[in-house]
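Quick notes on the structure that follows.
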Amino acid sequence: MATTAAATQLKNTTLQKPYLQIKKHAFTRLTITNPHSINYLTCTPIINPYDYYQEGVPIYCSWYRNDEAIERLALRKNDFFIYQNGTLRLPPTERASGVYYCQIEADYTKVISDSITVEYPVLKRLASGQQQSGNISAPEHLPLVIHCPFVSVPAARISWYFGNESLENDSSALILSNGTLVLRQLRSEQAGKYK
């Protein structure tokens, strides 16, 4: 079994090998393809060698999302929930998106797993207060940046149109990976409707 991380015993013990490890996750990225379904992340401790582990010492499992601790008890059905065996239930909403890792503690030892990135599929228009105005005036011969009014996870392939003509990356326009359109040097013939 491959391990993610290992912690060693205190210096004045005779144990040479790490005794607490975490079983390596089968994946580092989870893209949820069935929205509103329940998904789980596991955190499995490996105690090695078993001879040195003190029977009865409790093992605690904690989960972190975007470096913030997840509360153990869910107040609502659609919240995060950590089971006694260390498994994390993700909420069936876009709140599931984030970077996760688990931490196992036993005695005076803590071990942290590799991270797992979870993406919940989202494609939605930004709220009106988060968008640029529908009419933009800009000076000629300067760059103009037009932000895409959509957010998507995973990142969508965004296309821009000037009138009915598709725009491509060239010397006059640049479409960034986040969907932002940059008109490099605004000219009067570029005035019109962009979508």
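For the single chain, residues carry numbers from 1 onward in sequence order.
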Checklist entry - So, Arg95 and Asp79, do they make that salt bridge, N to O below 4.0 Å? => result yes
Item to check | Glu119 and Thr31 side chains, donor-acceptor separation under 3.5 Å | outcome: yes
Checklist entry - What's the spacing between Thr42 OG1 and Lys23 NZ if we round to 0.5 Å? => result 7.0 Å
Checklist entry - What's the shortest heavy-atom distance between Asn66 and Ser97, and which atoms? => result ND2-O, 4.4 Å
Checklist entry - Around Glu189, counting heavy atoms of other residues, nucleotides and ligands shown, do more than 12 lie under 6.0 Å from its CD? => result yes
Checklist entry - Is it true that Phe27 and Leu90 fall in one hydrophobic cluster, defined by side-chain heavy atoms closer than 4.5 Å? => result yes
Next on the checklist: To the closest 0.5 Å, what do you measure between SG (Cys61) and CG (Asn85)?
Outcome noted: 8.5 Å
Next on the checklist: Is any side-chain heavy atom of Thr180 closer than 4.5 Å to one of Ile146?
Outcome noted: no
Checklist entry - Shared ILVMFWY cluster between Ile158 and Tyr161, side chains joined below 4.5 angstrom? => result no
Checklist entry - Out of curiosity, Leu41 CG to Leu88 CG, how far, rounded to the nearest 0.5 Å? => result 5.5 Å
Checklist entry - Just how far is it from atom CD1 of Ile112 to atom CD of Glu105, taken to the nearest 0.5 Å? => result 9.5 Å
Item to check | Check: Ile82 and Thr87 side chains under 4.5 Å, non-hydrogen atoms | outcome: no
Item to check | Closest non-hydrogen atom pair, His25 against Ser113 | outcome: NE2-OG, 3.4 Å
Item to check | Spacing of OG1 belonging to Thr117 relative to CZ belonging to Arg29, to within rounding of 0.5 Å | outcome: 4.5 Å
Checklist entry - Is the closest side-chain heavy-atom distance between Lys195 and Trp160 below 4.5 Å? => result no
Checklist entry - Do the rings of Tyr100 and Phe80 sit parallel, tilted or perpendicular, given the 30° and 60° boundaries? => result tilted
Next on the checklist: What verdict does the side chain to side chain contact (heavy atoms under 4.5 Å, CB included) test give for Val182 and Leu144, after you've listed the backbone C-alpha separation in whole Å, the side-chain angles of each residue and the deciding distance to 0.1 Å?
Outcome noted: CA-CA 6 Å; Val182 179; Leu144 175 63; over 6 Å; no
Checklist entry - Should Leu183 and Tyr194 be marked as a side chain to side chain contact (heavy atoms under 4.5 Å, CB included) after you check the CA-CA gap, both sets of side-chain angles, and the distance that decides it? => result CA-CA 11 Å; Leu183 301 174; Tyr194 289 84; 3.6 Å; yes
Checklist entry - Are Leu174 and Val145 joined in one hydrophobic group, where the rule is that I, L, V, M, F, W and Y side chains link up if heavy atoms are under 4.5 Å apart? => result yes
Item to check | Test: Cys102-Cys43 SG spacing under 2.5 Å | outcome: yes
Checklist outcome for this item: Between the CD atom in Glu168 and the OG atom in Ser159, the distance rounded to the nearest 0.5 Å is 7.5 Å
Checklist outcome for this item: Closest non-hydrogen contact found for Tyr120 with Glu94 is CD2-CA, 3.3 Å
Next on the checklist: Quick check: do Tyr101 and Trp63 have side-chain heavy atoms less than 4.5 Å from each other?
Outcome noted: no
Checklist entry - Considering all heavy atoms of both residues, which atom of Ile175 and which atom of Asn169 are nearest to each other, and what is their separation? => result N-OD1, 2.5 Å
Item to check | Side chain Glu165, main chain Phe162, donor-acceptor under 3.5 Å | outcome: no
Item to check | Val99 and Ser115, any side-chain heavy atoms less than 4.5 Å apart | outcome: yes
Next on the checklist: Heavy-atom count check: over 12 atoms from other residues, nucleotides or ligands less than 6.0 Å from Asn164 CG?
Outcome noted: no
Checklist outcome for this item: Minimal heavy-atom distance between Leu186 and Ala138, with the atoms involved, is CD2-CB, 3.5 Å
Next on the checklist: Apply side chain to side chain contact (heavy atoms under 4.5 Å, CB included) to residues Ile116 and Thr28 and explain how you reach the verdict.
Outcome noted: CA-CA 4 Å; Ile116 299 174; Thr28 58; 5.7 Å; no
Checklist entry - When you measure from the side chain of Asn34 to the backbone N and O of Ser37, does any donor-acceptor pair fall under 3.5 Å? => result no
Next on the checklist: Using side chain to side chain contact (heavy atoms under 4.5 Å, CB included), reason through Gln185 and Ser172 one step at a time and then give a plain yes or no.
Outcome noted: CA-CA 7 Å; Gln185 222 176 6; Ser172 64; over 6 Å; no
